[in-house]
Amino acid sequence: MDTKQTADKLLRLIKTCPSPFHTVETSIHILEKAGFIKLLPTEVWELELGKKYYTSVYGSTLIAFRIGEKARDGLRVAAAHTDFPCLRIKPAASIGENTYGKLNVETYGGLILNTWLDRPLSIAGKVAIKGSNAFSPEIKLVDLKRPLLTIPNLAIHMNRNVNEGVALNQQKDMLPLATMLKKDGKDKNFFDGFLAKEIGCNKEDILSYELTLYPTEMGCIMGFKDEFISSPRLDNLTSVQACLTGIIEGKRNQGIDIIALFDNEEVGSHTKQGAGSVVLPQTIERIYETLGYSRSAYFSDVAKGFMLSADVAHAMHPNVPEKNDVTNKPILNGGVVLKMAANQSYAGDTEAIAVAAELCNQAHILYQHFVNRSDAKGGSTLGSIVSSLLPMRTMDIGVPILAMHSVRELMGIKDQKALEDMIKAFFS
């Protein structure tokens, strides 16, 4: 698959993944088409050498694996995350003021607030309605797919200092406009009725929801030479796509290969389905136990294993290059980024860096390095969190992007193929 085809595939994935739940659903369709077999975490597993499996964890995290004919011939893991910074709808969301109908929302993750203004927004996520008993609500995935909301800017005539920078209050300034209300106030709980109509149930039957706002403007290829991809959710669907491609197209037929697509990375990972939980160590131990291997064998193979933690990296900004390190300046279309930090906010050590670099060298994949400026804290990702629970040599990698955590981010078109080729080589 060439660079353009890889970019088109990424944009198709992003279109179908407006929430972590939809990312897992889409990933399952891709895996099942490639012959992966469903496992339920609530049931006893029966596994066979040479087969491929997946399991969904609470609908927003996904673990998939394939078992070679010699299962103990190397344990390899590639991890990414399914969530992204966004606005989430609160319970009792309807707000009526001066006949304007707004929604009460909260921020999820470290989004750049002002990039969400004046955008046509839609709604996607999960809704729970009354089921057969209290412990079994009926779950519906929702993607309304059309422009429904917007958060209007205040006109410059009413804020002459707007171009000097405006601090936005998350509770006051980020409430999206949804509708116009009747003056008699009879439609004050307008959102409950709207949602019930959209999913085809009585509003009294809606018990709860996890609903995300997302921009309806689709991603695109752009630039004078079509050298860029501009899209929502590049962080971190670029890595989700690469992990899926790697485990499906990788040619290794020995050992155990695993991808783990975690939720809640943008809020710290310390949830039951996050990278900071024991869900991945337990899953791997469960694989070993089901195949008849001892716990000691599991510990031994983890110690010899290797993990790639795939997440986006900061590209050098064309207008503020001084924000990057003085000698390590990743650029768009410069290849996969190997991320390093002495404080271990990225998990790589000398051997891990060497392994990642040589993987790229052998497969003729461009790569570059990222290290934070010494006077800047920078970010982190799930690699150091997972490896503290699963003591496996780990390397943080990803594609370089601009406008990270904006409602719309920018990457180089060549870098997605480089990342996919690297993870494919890792599983080959």
Side-chain angles (χ1 to χ4, degrees), residues 13 16-32 36-45 53-65 77-91 106 108-109 123-143 195 199 206-214 233 235-237 239-240 243-244 247 258-287 290 309-311 381-382 385-386 389-390:
L13 178 84
T16 62
C17 299
S19 80
F21 306 108
H22 289 86
T23 300
V24 168
E25 181 185 54
T26 296
S27 299
I28 287 172
H29 291 326
I30 293 169
L31 290 167
E32 287 184 340
F36 283 72
I37 302 165
K38 181 178 182 178
L39 298 170
L40 294 176
T42 55
E43 294 182 354
V44 175
W45 292 356
Y53 304 91
Y54 75 86
T55 187
S56 173
V57 184
Y58 299 109
S60 61
T61 286
L62 183 70
I63 298 174
F65 57 94
V77 181
H81 64 88
T82 62
D83 61 325
F84 54 93
C86 62
L87 297 169
R88 296 269 177 98
I89 301 175
K90 291 182 180 180
E106 61 182 322
Y108 176 91
I123 298 170
K126 178 169 69 173
V127 180
I129 62 177
K130 289 181 180 179
S132 56
N133 63 67
F135 288 94
S136 300
E138 181 183 349
I139 302 299
K140 289 180 176 285
L141 284 191
V142 175
D143 181 5
L195 183 60
I199 64 176
I206 296 177
L207 298 172
S208 65
Y209 49 72
E210 291 180 58
L211 294 173
T212 292
L213 304 190
Y214 72 92
R233 303 186 291 286
D235 180 7
N236 189 30
L237 291 178
S239 301
V240 168
C243 287
L244 290 168
I247 200 165
I258 302 171
I259 62 169
L261 311 179
F262 293 105
D263 194 8
N264 302 134
E265 190 274 343
E266 299 292 358
V267 291
S269 294
H270 295 290
T271 64
K272 64 187 183 301
Q273 65 267 38
S277 74
V278 295
V279 65
L280 180 58
Q282 280 188 353
T283 299
I284 299 175
E285 187 171 1
R286 192 173 187 179
I287 293 169
T290 304
S309 165
D311 201 350
T381 187
L382 55 81
I385 296 172
V386 177
L389 297 165
L390 188 69

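Residues take their numbers from the sequence shown, with the count starting at 1. Heavy atoms only: backbone and side chains are in, while hydrogens, waters and symmetry mates are out. Computed from a prediction, not measured in an experiment: that's the story for all the values here.
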| query | Under 4.5 Å between any side-chain heavy atoms of S309 and V386, yes or no? | reply | no

| note | Only residue of I385, T82, T381 satisfying side chain to side chain contact (heavy atoms under 4.5 Å, CB included) with E265 is T381

| Does a side-chain heavy-atom distance below 4.5 Å link N236 with F262? | no

| Does N133 reach the main-chain N or O of S136 with its side chain, forming a donor-acceptor pair under 3.5 Å? | yes

| request: Would you give the length of the straight line joining atom OG1 of T26 to atom CG of L244, rounded to the nearest 0.5 angstrom? | output: 9.5 Å

| message | Side chains of K272 and V279, heavy atoms from C-beta outward: is any pair under 4.5 Å? | response | no

| To the nearest 0.5 Å, how far apart are NE2 in H81 and CG in L382? | 6.5 Å

| query | Only one of L31, I259, V240, D263 clears side chain to side chain contact (heavy atoms under 4.5 Å, CB included) with L62; which? | reply | L31

| request: Flag the pair I30 / L13 as yes when at least one side-chain heavy-atom distance between them is below 4.5 Å, and no otherwise. | output: yes

| query | Where do V24 and Y54 land on the side-chain contact (heavy atoms from CB on, under 4.5 Å) test, with the steps shown first? | reply | CA-CA 11 Å; V24 168; Y54 75 86; over 6 Å; no

| message | side-chain contact (heavy atoms from CB on, under 4.5 Å), that's the test. Do D311 and D235 meet it? Break it down for me. | response | CA-CA 7 Å; D311 201 350; D235 180 7; 3.1 Å; yes

| task | Answer whether the closest heavy-atom distance between the side chains of I129 and V127 falls below 4.5 Å. | result | yes

| field | Nearest heavy-atom neighbours spanning S56 and I28 | value | CB-CD1, 4.4 Å

| task | Over all heavy atoms of both residues, which pair between G109 and P85 is shortest? Give the atoms and the distance, please. | result | C-CB, 4.4 Å

| note | Taken in chain and number order and not counting sequence neighbours, the residues that satisfy side chain to side chain donor-acceptor pair (under 3.5 Å) with T55 are none

| query | Do the side chains of I139 and F21 get nearer than 4.5 Å, heavy atoms only? | reply | no

| message | Minimum heavy-atom separation for F84 and P18, please, with both atom names. | response | CZ-O, 3.2 Å

| How long is the span from the OG1 atom in T271 to the CG atom in D83, to the nearest 0.5 Å? | 8.5 Å

| Rounded to the nearest 0.5 Å, how far apart are OG of S19 and CG of D143? | 7.5 Å

| request: Could you pull out the closest heavy-atom pair between T212 and C86, with the gap in Å? | output: CG2-SG, 3.6 Å

| query | Looking at L389 and A275, what are the two nearest heavy atoms and their distance? | reply | CD1-O, 3.7 Å

| remark: Heavy-atom closest pair (H22 atom, T16 atom, distance to 0.1 Å) is CB-O, 3.5 Å

| said: So, taking the atom named OG1 in T283 and the one named CH2 in W45, what distance separates them when rounded to the nearest 0.5 Å? | reply: 5.0 Å

| message | Please report the interatomic distance CD1(I206) to CD(E138), rounded to the nearest 0.5 Å. | response | 11.5 Å

| Of I284, V77, I258, which meets side chain to side chain contact (heavy atoms under 4.5 Å, CB included) against I63? | I258

| request: Take Y209 and K126, measure what side-chain contact (heavy atoms from CB on, under 4.5 Å) needs, and give me the verdict at the end. | output: CA-CA 6 Å; Y209 49 72; K126 178 169 69 173; over 6 Å; no

